[in-house]
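Structure record follows, encoded as structure tokens.
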Amino acid sequence: MAGFFSSSSIKRLPVAIQGLPENERMTFVMLRMRRDKAFIARELGVGLDDAGRVIKTVQEALIKSGAIDMIQNPVFFQVDHAPENEDGPGKPFELSRDEMDMVDQLELDNFFRILRGALEKMDKPGRRLLSLWFNKEMKAKDIVNFYKRLGIDVSDSKPIEQSTEQDVFYALEKNIKKLLKIVRSNLKHEEMELTPSSLKAILTETGV
């Protein structure tokens, strides 16, 4: 637990929580992330009764400061608005660190660690294609011509000489879904909406 939250992050906690012991401060963050008592007990390495006492201390501190709503209301970290169907377009991807509270920023940092790790697990051809599209902003036609010059196949089912722009789009979708599968396997937040369209929006804004 301590390895996930940096000391600078802890200092950004509400005033009512800053003066509490470390376990209480960590518990506040977990309550903000809607973790239950069993989860908190495991993370703190204590029994359920002790976890309950820590939770009560946090709740009482927030009640006294008039900030109990910080842990009672759901806290959503939505990377993108979910489209009507999984492959349809979602709303534009927007993230502003200046408008985030401490918990949301921690969630964002954790998500990008997961994304970087997922990209490292991708095979080299997949990373190359994603990089050309999202980093170099090459068009499908340019990618086909680039691959032809290198003698690299875009599609698994046909030689590069027969490849078309449509094959580039197909390969992109295939690799986006492959990357999404890896990312999803490491996400623990049920509230995060992550679809192929939202992942594409993130990569468009941040690159590979």
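All values below were derived from every heavy atom in this structure, side-chain atoms included, with hydrogens, water molecules and symmetry-related copies excluded.
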Tell me whether L132 is reachable from Y170 by hopping between hydrophobic residues (I, L, V, M, F, W, Y) whose side-chain heavy atoms are closer than 4.5 Å.
no
Minimal non-hydrogen separation, N186 against I114, with atom names
O-CD1, 3.5 Å
To the nearest 0.5 angstrom, please state how far the CD1 atom of I55 sits from the CZ atom of F28.
13.5 Å
Nearest 0.5 Å please: distance from the CG atom of L20 over to the CD atom of Q18.
10.0 Å
Interatomic spacing from CZ in R35 to CE in M26 - rounded to 0.5 Å:
14.5 Å
Going by salt bridge (Lys or Arg N to Asp or Glu O under 4.0 Å), name the residues that satisfy it together with R53, two or more places apart in sequence or in a different chain.
D50
Using a 4.5 Å cut-off on heavy atoms from C-beta on, say whether the side chain of M30 contacts that of E43.
yes
Interatomic distance, NZ@K181 vs CG@L199, rounded to 0.5 Å, equals 15.0 Å
May I ask you to test the L31-I40 pair for a side-chain heavy-atom distance under 4.5 Å?
yes
Scanning both residues in full, the closest heavy-atom pair of L180 with T195 reads CD2-C, 3.9 Å
Using the rule that two of Ile, Leu, Val, Met, Phe, Trp, Tyr join whenever any of their side-chain heavy atoms come within less than 4.5 Å, decide whether L48 and L44 are in one cluster.
no
What one should report as the nearest heavy-atom pair of V46 and A51 is CG2-N, 3.8 Å
Residues forming a salt bridge (Lys or Arg N to Asp or Glu O under 4.0 Å) with K121, sequence neighbours excluded
none
Heavy-atom closest pair, residues A171 and L129
CB-CD2, 3.5 Å
Please enumerate all residues that pass side chain to side chain contact (heavy atoms under 4.5 Å, CB included) together with Q166, with sequence neighbours excluded.
T164, F169
By the ring-ring contact (aromatic ring centres under 6.0 Å, His included) test, which pairs, at least two apart or in different chains, include something from residues 48-69?
none
Non-neighbouring partners of D156 that pass side chain to side chain contact (heavy atoms under 4.5 Å, CB included), sequence neighbours left out:
K174
Check side-chain hydrogen bond (donor to acceptor under 3.5 Å, both in side chains) between S163 and all other residues, then give those that pass, not counting sequence neighbours.
none
With sequence neighbours left out, what residues match D153 under salt bridge (Lys or Arg N to Asp or Glu O under 4.0 Å)?
none
Rounded to the nearest 0.5 angstrom, the CG-NZ distance for L203 and K200 is 10.0 Å
Side chains of residues 133-144: which donor-acceptor partners sit under 3.5 Å, not counting sequence neighbours?
from, atom 1, to, atom 2, distance (Å)
N135, OD1, V208, N, 2.6
N135, ND2, S131, OG, 3.4
N135, ND2, V208, O, 3.2

For the CG atom of L150 and the CG atom of N145, what is their distance to the nearest 0.5 Å?
11.0 Å
Quick one: list whatever passes side chain to side chain contact (heavy atoms under 4.5 Å, CB included) with K124, sequence neighbours left out.
R127, R128
Contacts of type salt bridge (Lys or Arg N to Asp or Glu O under 4.0 Å), residue D49, not counting sequence neighbours
none
Decide yes or no for V183 and F111: does some side-chain heavy atom of the first lie under 4.5 Å from some side-chain heavy atom of the second?
yes
Which atom of I182 lies closest to which atom of M122, heavy atoms considered:
CD1-SD, 4.2 Å
Checking T57 now: which residues fulfil side-chain hydrogen bond (donor to acceptor under 3.5 Å, both in side chains) with it, not counting sequence neighbours?
none
Of all residues at least two apart in sequence or in a different chain, which pass the side-chain hydrogen bond (donor to acceptor under 3.5 Å, both in side chains) check with K37?
none
Would you name the heavy atoms of Y147 and I160 that are closest together and state the gap between them?
CB-CD1, 3.6 Å
